[in-house]
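Here is the naming used below: chain letters follow the sequence lines, and residue numbers restart at 1 for every chain.
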Amino acid sequence: STDNSIKGKYVRLDFSASGEVSSMTNLKTGLKVPLSQNFFYYEGMTGNNTKGEFQASGAYIFRPQKNEPTKLSLKFFAGIQRGVLVQEAYQQVTNWVSQVYRIYEDKPYVEVEWTVGPVPVADHIGKEVITRYHLDGFENKKTFYTDANGREILERVLNYRPTWQLKQTEPVAGNYYPVNSFISIKDTKKNVQFTVLVDRAQGGTSLNEGDVELMLHRRLLVDDGKGVGEALDERDIDGKGLVTRGTHYLLLDSIENSSRLYRPTAQDIFLTPAISFSTAEVSPVQYV
Amino acid sequence: KEQLNILASALGTAQHHDAITGTEKQAVVFDYEERLANGVNQVQNVVQDVYNKLMPKGGAAAPEQLFCTQLNISLCSVTANLTNLQVTLYNPLAREAKYYVRLPVSGTKYTVYQSDGKTTVQNDVLPISPGTAQIPLPTNRTAHFEVVFLASVPALGFSTYFVRRQSTSNVLRFQREYYRTQV
C-alpha cells in the first residue's frame with residue numbers, strides 16, 4: 001500500500017515513505033502541522049577533577065557531556081496494522097529502541113508507546129535517552145508550558161527565570177523542567193497548541209523552536225557525588241540493564257480548545273479502570 | 001482496613017524524596033518494590049471482597065478475581081489461553097469512562113459481549129507489536145495477539161464484559177500491510 005497513514009475519527013498521522021512521522025492532522029478542525037520525531041541520547045558527563053569539572057551526570061544531576069545529543073536513526077518501518085477500532089504503525093529504531101504509534105477510532109489523541117533498553121554501555125559511555133517531537137515552522141518564541149503535579153500550569157522561558165537574573169551555565173540541563181502531567185508549546189500567530197501528555201513524571205524542555213523534548217531513560221556509569229554513592233545503572237535480577245516502556249499522548253488543537261482535550265485525557269490516563277478477570281465456565285447470560 | 005493499610009504504608013514510605021526521584025541505592029529500590037508488590041497483592045483481596053459484597057444477598061459469591069500486572073508488555077497468563085473469560089472493570093473517575101481494553105490472547109477470533117451478556121461489541125484482534133515481541137522474558141510467550149474492544153464503565157462503578165474465543169481460524173480479522181524499508 002502507498003497509504004502511509006493511520007487515522008481515527010479525530011486525528012490522522014502521516015508517515016514518509018521511509019516510515020518517519022511527517023505530519024499530524026486534527027480531523028475535526030482540519031488543522032494540519034508538519035511533525036517529526038526522533039530519538040537521541042546525551043552522553044552523560046563523567047566529571048574531570050583536574051579541570052575543576054568534577055560534577056558528573058547521575059541520579060541527582062543531569063549534566064550532558066555535550067549540548068548536542070547523538071541521533072538514533074530509524075532502522076526500519078515495521079508496517080501498519082489497521083483494525084476497525086485501532087490503527088497502529090511500528091518503528092524499529094535500534095536493537096534497543098522501538099515504538100508504536102496508535103490511533104483509536106474514538107480518541108482525540110495519538111498514542112505513542114516507546115520501548116527503550118537495555119541501554120548499551122559496553123562503550124563505557126553513559127547514555128540519557130530522549131525523544132524529540134518537532135513541528136517545522138512552529139514559533140513558540142522560546143516558551144513552553146509544564147504542569148505542577150497536574151495543577152497549575154507554569155510558563156517556562158528558555159534561559160530565563162522570572163525572579164532573578166540567570167547566568168546560564170548548563171544550556172541543556174538548565175532548561176529541563178519536571179513534566180508530571182503534560183508539556184505543551186503554543187504558536188499564538190497560527191493559534192496552534194501541541195501538547196504531549198505523559199504516563200509518569202519525566203524531565204522535559206523545548207530547546208529549539210517547535211521542539212518538545214522528553215527524557216525517557218538514563219543509564220550512567222559514574223556516581224554524581226551527591227550522596228547516593230552508586231552510578232545510576234539500574235539492572236534486573238540477571239544483571240542486565242532495564243527495559244523501560246511508557247506512553248505519550250499527542251494532542252493538536254487551537255489554543256482555546258486544547259484544555260478541553262488535555263484535561264479529561266489527563267484524568268483518563270491517571271485514573272484508568274482497574275481490570276480483573278474471572279473464568280467462571282458459564283455463558284454470559286447465565287453469569288448476568 | 002488492615003489489608004489496605006499495607007499498601008497505604010508502602011505508598012507512604014515511597015513518598016520519601018529518594019523514592020520519588022530515584023536517588024535511592026539499588027538495594028533500596030528492591031525493598032520499595034517488594035513493599036509495593038505486597039501492598040498491591042493485599043489490595044487484590046480487597047477488590048475480591050468488594051465484588052462479593054456487590055453480589056445479590058443470598059446468591060453466589062463473586063467468582064474469584066484474577067489480576068494481570070504486566071498488561072503493559074502484553075503478558076497475562078489468565079487471558080493467554082482462555083476460551084471463556086469475564087473482564088471486570090472498575091472506574092475510579094466520577095464520570096463515565098470509555099476505555100479501550102487490550103488483552104493478550106493466543107486465538108485470532110473472539111466475540112465480546114456487553115454487561116447484559118447478550119449484546120456484542122466490536123473487537124479487533126491484532127498481533128502484538130514487534131517491539132513487544134522482542135522484550136526478553138524468562139519464559140516463552142504464549143499469546144501473540146491482542147484482542148481490543150471499547151468498554152464503557154459508569155462513574156465510580158463497574159462493568160463486566162465477556163470475551164469468548166471463536167472456533168480456531170487462521171483468517172485474521174484485520175488488514176495487514178507489511179513492508180520493511182531499510183533507511
Side-chain angles (χ1 to χ4, degrees), chain A residues 1 3 17-20 59-60 73-86 88 90-92 95 98-100 104-107 113 115 201 226-230 232-235 240 243 245 264 267-268 271-288, chain B residues 21-26 29 47 62-68 71-73 78-79 82 84-93 97-101 113 115-118 122-124 126-127 129-132 134-136 148-151 153 160 162 174-183:
Chain A
S1 172
D3 179 14
S18 55
E20 283 150 332
Y60 284 88
S73 296
L74 185 66
K75 201 168 161 191
F76 61 83
F77 188 43
I80 286 175
Q81 301 284 357
R82 294 182 210 283
V84 178
L85 303 174
V86 61
E88 303 182 347
Y90 308 126
Q91 290 180 332
Q92 189 71 39
N95 292 339
S98 65
Q99 191 160 249
V100 181
Y104 288 106
E105 180 65 14
D106 258 348
K107 297 289 183 187
E113 187 183 66
T115 305
K226 292 289 179 185
V228 67
E230 290 177 2
L232 186 64
D233 181 15
E234 196 173 349
R235 297 154 191 246
K240 292 183 199 129
V243 181
R245 160 166 286 187
Q267 291 172 349
D268 288 343
L271 291 169
T272 55
I275 304 181
S276 58
F277 305 97
S278 57
T279 59
E281 281 299 326
V282 292
S283 72
V285 174
Q286 281 174 303
Y287 185 99
V288 172
Chain B
T21 56
T23 48
E24 73 277 49
K25 285 179 185 287
Q26 184 66 56
V29 173
V47 173
E64 185 190 359
Q65 298 298 304
L66 306 163
F67 297 83
C68 289
L71 284 174
N72 67 322
I73 54 168
V78 182
T79 63
L82 280 171
N84 187 15
L85 181 73
Q86 296 95 44
V87 183
T88 302
L89 300 103
Y90 175 77
N91 172 21
L93 285 171
K98 300 270 189 189
Y99 181 72
Y100 282 97
V101 179
Y113 297 92
S115 51
D116 63 3
K118 296 173 190 165
Q122 178 77 51
N123 72 84
D124 282 338
L126 305 168
S129 70
T132 302
Q134 73 179 26
I135 293 175
V148 182
F149 61 93
L150 181 62
V153 197
T160 299
F162 304 90
F174 54 85
Q175 176 192 348
R176 182 166 191 179
E177 297 163 15
Y178 189 82
Y179 39 95
R180 264 169 91 116
T181 312
Q182 293 290 343
V183 178

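Between Tyr100(B) and Tyr104(A), the ring planes are parallel. Angles under 30° get that label, and only those over 60° would be called perpendicular.
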Intermediate values then yes/no, ring pair (Phe, Tyr, Trp, His ring centres under 6.0 Å), Phe67(B) and Phe277(A): CA-CA 6 Å; Phe67(B) 297 83; Phe277(A) 305 97; 8.2 Å; no
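Here the closest heavy-atom approach between residue Val100(A) and residue Ser129(B) is recorded as CG2-CB, 3.5 Å. The nearest pair of heavy atoms linking Leu89(B) to Pro273(A) is CD2-CB, 4.0 Å. Heavy-atom minimum distance, Val29(B) versus Glu234(A): CG1-OE2, 3.5 Å. Contact detail for Gly229(A) and Lys25(B): the closest heavy-atom pair is CA-NZ, 4.1 Å. Looking at every heavy atom in both residues, Leu126(B) comes nearest to Glu88(A) through CD1-OE2, 3.5 Å. For the pair Arg245(A) and Gly131(B), the tightest heavy-atom approach, listed with the atom from each and the gap, is NH2-C, 4.0 Å.
With a 4.5 Å cut-off on non-hydrogen atoms, Tyr90(A) touches chain B through its side chain but not through its backbone. Both the backbone and the side chain of Thr279(A) come within contact range of chain B, judged by heavy atoms closer than 4.5 Å. Looking at Gln65(B), both its backbone and its side chain come within 4.5 Å of chain A, counting heavy atoms on both sides. The part of Gln134(B) that comes within reach of chain A is its side chain, from C-beta onward, which places non-hydrogen atoms under 4.5 angstrom from that chain. Residue contact with chain B, scored on non-hydrogen atoms closer than 4.5 Å, involves the backbone and the side chain of Ser276(A) alike. When heavy atoms are compared at a cutoff of 4.5 Å, Glu281(A) approaches chain B by way of both its backbone and its side chain. In this structure, the portion of Leu82(B) lying under 4.5 Å from any heavy atom of chain A is its side chain and not its backbone. Using a 4.5 Å cut-off between heavy atoms, Val87(B) contacts chain A through both its backbone and its side chain. Contact of Gln99(A) with chain B is not made at all, since no heavy-atom distance falls under 4.5 Å. Contacts between Asp106(A) and chain B at a heavy-atom distance below 4.5 Å involve backbone atoms as well as side-chain atoms. Looking at Tyr90(B), both its backbone and its side chain come within 4.5 Å of chain A, counting heavy atoms on both sides. Heavy atoms closer than 4.5 Å to chain A are found in the backbone of Ser115(B), but not in its side chain.
Residue with the most contacts toward chain B among Val282(A), Leu271(A), Val243(A), Leu85(A): Leu85(A) (heavy-atom pairs, distance under 4.5 Å). When the candidates Ser278(A), Ser98(A), Gly227(A) are compared by the number of heavy-atom contacts under 4.5 Å with chain B, Ser278(A) comes out ahead.
Between Gln267(A) and Leu93(B), the closest side-chain pair of non-hydrogen atoms falls below 4.5 Å.
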